[in-house]
Amino acid sequence: MSKKAILEVDGKRYEFPVLIGTENEIAIDIKALRGVTNGITTLDPGFKNTSSCESAITFLDGEKGILRYRGYSIEELADKSDFLEVAYLLIFGELPTEEQKLKFHRDIQKTSLVDEDIKKILDGFPKSAHPMGVLSALTSALTAFNPKSVNVESEEDMYRAICKILGKFPVLVAWAYRKEEGLPLAYGDNSLGYVENFIKMMFELPNEEYKMNPVVVDALDKLLILHADHEQNCSTSTVRVVGSSHAGLFASISAGISALWGPLHGGANQAVIEMLEAIKEDGGDYQKYIAKAKDKNDPFRLMGFGHRVYKNFDPRANIIKVAAEEVLADLGIDDPVLDIARGLAKEALSDEYFKSRNLYPNVDFYSGIIYRALGIPVPMFTAMFALGRLPGWIAQWKEMRLRKEPISRPRQLYIGETLRPFKSFEER
Ligand code: CMC
């Protein structure tokens, strides 16, 4: 028998269906609430208790440390798959056959050139501009250069728009980086894999041949896979909300980039390295910072530790820690900041304060270490996160459009003035 939830307001009882997800998650379906109650709404700032949609893309259990894309565990995908394949899985729901993967890659490559006039927009930014602002603006500008991608009337239109953004976005990320570094803008090399091509576009110098390091490719591939989706987080919800007005894929992704930029969301990876650098400047005494983090009179927190959703461990962090160690060993890096990170993590993991509060390193503690080892400047860290999150944003936007979800338009509980007469200047 199907379950029901009973709500009683002012002595009146209302019945609502209870929905059960495939992982036995329970949600009270209140779609009819306003109608049957004559205008009663629910209040849930930050949507902490609200499922904004039904989704078949990503399953996350923060208590058990589970993250799965389309039913596949993040551990298995990071070990056996690659970023392009994971992008296909997220967007289309199944792992691609070899032919499907090749075709997908070719279709992306075919649309990866960026209109030369985009360079003029890039030129208008100061060198000091934050890459996330640049990326958001350029991604939005893609709409003007590809107007047909706005109105997606069929699945074919949608597919074309998806290939275009997957092809052009890595170019924009690389260009944002090269602009900041004062390097000539590079184009891709279609003989390479998706991630390899991105690495070459980022780091290739005009006067020497670029040598690909497979350890670097593997680490970056893993990082991108681990960031590829995280269900209804702030930026993904933004993409769905903006997309629900049928604004088009590129405008929706551009809004998602702006949401990701904030330090409470994607900006945390930048905060970790800034903290490690500050500890180094202060003499490298990480014990002192552990003590500061434990001191309730001190607002300092150990950046890269703890997570709003994961309360036991962050499954992404376990994977990326190994990749970080491999990259450091392979590149022969001896960076004092990285030593501080290792010491800090070791110390905190055996400290009762952190153990008792289930505070573990999160994905951002280690992702910054890899980015730093690769020579990526700190402000670019969040842009790398955006590249990883792109397939998730696309998949969620596509799902929202195909399910024909209504325009997002929350209600509010009005707490302002009631009707009052207008006051002339003399009366104010
Ligand atoms: N350093 C020291 N103490 C901490 C930390 C930390 N990083 N994180 C939590 N605590 C303590 C906190 O003071 C509290 O102690 P008590 O119970 O004695 O009052 C207890 O642990 C529980 O903390 P909370 O603030 O209730 O936990 P939360 O779930 O609200 O916060 C968090 C999660 C991620 C905001 C927090 O752990 C934090 O600020 N971490 C550092 C910032 C960071 O690394 N953020 C990146 C998250 S991963 C990015 C993403 O996936 O979006």
Side-chain angles (χ1 to χ4, degrees), residues 45-49 58-63 65-69 74 132 223-239 256-279 286-321 324 340-341 343-371 378 381-389 392-393 396:
F47 311 121
K48 289 183 182 175
N49 307 284
T58 288
F59 174 66
L60 196 165
D61 183 330
E63 273 66 41
I66 292 173
L67 177 61
R68 290 182 205 138
Y69 300 157
I74 194 69
M132 289 299 276
L223 259 182
L224 296 174
I225 290 174
L226 299 179
H227 283 98
D229 198 41
H230 218 221
E231 48 117 303
Q232 308 310 318
N233 55 82
C234 178
S235 58
T236 301
S237 299
T238 300
V239 170
I257 295 166
S258 296
L260 185 72
W261 189 357
L264 297 187
H265 190 8
N269 53 14
Q270 181 169 339
V272 171
I273 288 295
E274 284 168 353
M275 173 191 77
L276 295 173
E277 272 170 351
I279 297 174
Y286 49 80
Q287 308 273 9
K288 179 173 147 190
Y289 285 83
I290 297 257
K292 268 167 78 66
K294 288 158 60 172
D295 181 356
K296 291 291 162 203
N297 298 316
D298 191 326
F300 175 79
R301 279 191 166 195
L302 218 48
M303 286 293 132
F305 268 74
H307 196 276
R308 173 52 59 84
V309 183
Y310 295 118
K311 291 302 175 199
N312 273 316
F313 65 96
D314 180 341
R316 304 166 299 173
N318 290 358
I319 300 166
I320 214 57
K321 179 179 184 294
I340 290 170
L344 203 58
K346 193 163 172 241
E347 200 69 31
L349 284 170
S350 56
D351 189 292
E352 205 37 49
Y353 173 94
F354 292 90
K355 277 183 4 192
S356 64
R357 288 171 180 75
N358 294 322
L359 299 172
Y360 296 92
N362 57 54
V363 71
D364 284 331
F365 190 73
Y366 297 110
S367 65
I369 292 175
I370 297 189
Y371 294 143
V378 176
F381 287 9
T382 317
M384 300 299 293
F385 189 157
L387 179 65
R389 186 54 52 90
W393 288 334
Q396 302 271 353

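Remember, it's 1-based here, ligands and their atoms both numbered in the order they're listed.
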R316: numbered ligand 1 atoms lying under 4.0 Å from its heavy atoms: 51 (O)
Protein contact of atom 45 (N) of ligand 1 - nearest heavy atom, named by residue and atom, plus distance: A268 CB, 3.8 Å
Taking atom 13 (O) of ligand 1 as the reference point, the nearest protein heavy atom with its distance: K296 NZ, 2.9 Å
Protein heavy atom at shortest distance from atom 1 (N) of ligand 1: L302 N, 3.1 Å
Closest protein heavy atom to atom 21 (O) of ligand 1, given as residue, atom name and distance to 0.1 Å: R357 CD, 3.4 Å
Proximal ligand 1 atoms for K311, defined as those under 4.0 Å from one of its heavy atoms: 27 (O), 28 (P), 29 (O)
Gap separating the CD1 atom of I320 from the CZ atom of R316, nearest 0.5 angstrom: 10.5 Å
Element-labelled atoms of ligand 1 that are located less than 4.0 Å from some non-hydrogen atom of G306: 34 (C), 37 (O)
4.0 Å protein heavy-atom contact status of atom 42 (C) of ligand 1, strictly under: yes
Nearest non-hydrogen protein atom, atom 30 (O) of ligand 1: R308 NH2, 2.9 Å
N or O contact, F305 vs ligand 1, cut-off under 3.5 Å: yes
Within-cut-off N or O pair, D364 and ligand 1, under 3.5 Å: no
Side-chain heavy-atom pair S367, D364 within 4.5 angstrom cut-off: yes
Taking atom 24 (P) of ligand 1 as the reference point, the nearest protein heavy atom with its distance: R301 NH2, 4.0 Å
Non-hydrogen atom of K292 closer than 4.0 Å to ligand 1: no
4.0 Å heavy-atom contact, K294 with ligand 1: no
L67 and its side chain to side chain contact (heavy atoms under 4.5 Å, CB included) partner, picked from I74, D229, V363, L226: I74
Partner residues of F300 under the ring-ring contact (aromatic ring centres under 6.0 Å, His included) criterion, sequence neighbours left out: Y289
Whether F365 lies under 4.0 Å from ligand 1, heavy atom: no
Interatomic spacing from CD1 in I279 to CE in M303 - rounded to 0.5 Å: 11.0 Å
Minimum-distance protein heavy atom relative to atom 52 (O) of ligand 1: H265 ND1, 4.0 Å
Residue K346 excluded, over 12 heavy atoms near NZ under 6.0 Å: no
Geometric N/O contact F300 with ligand 1, under 3.5 angstrom: no
Proximal candidate to atom 51 (O) of ligand 1 [heavy atom criterion; set M303, M275, H230, H307]: H307
Residue portion contacting ligand 1 (non-hydrogen atoms closer than 4.0 Å) for L359: side chain
Approximate separation, where rounding is to 0.5 Å, of Y286 OH and L276 CG: 12.0 Å
Stepwise side-chain contact (heavy atoms from CB on, under 4.5 Å) test for T236 and E231: CA-CA 7 Å; T236 301; E231 48 117 303; over 6 Å; no
Nearest protein heavy atom under 4.0 Å from atom 26 (O) of ligand 1, yes or no: no
Distance from atom 11 (C) of ligand 1 to nearest protein heavy atom, with residue and atom: Y353 OH, 3.5 Å
G304 neighbourhood, listing ligand 1 atoms whose heavy-atom distance to it stays under 4.0 Å: 43 (C), 44 (O)
Exceeds 12 heavy-atom contacts within 6.0 angstrom, atom OH of Y353: yes
Geometric class of the H307/H230 ring pair [parallel <30°, tilted 30-60°, perpendicular >60°]: perpendicular
Inter-residue atom distance N358.CG - K311.NZ, 0.5 Å rounding: 8.5 Å
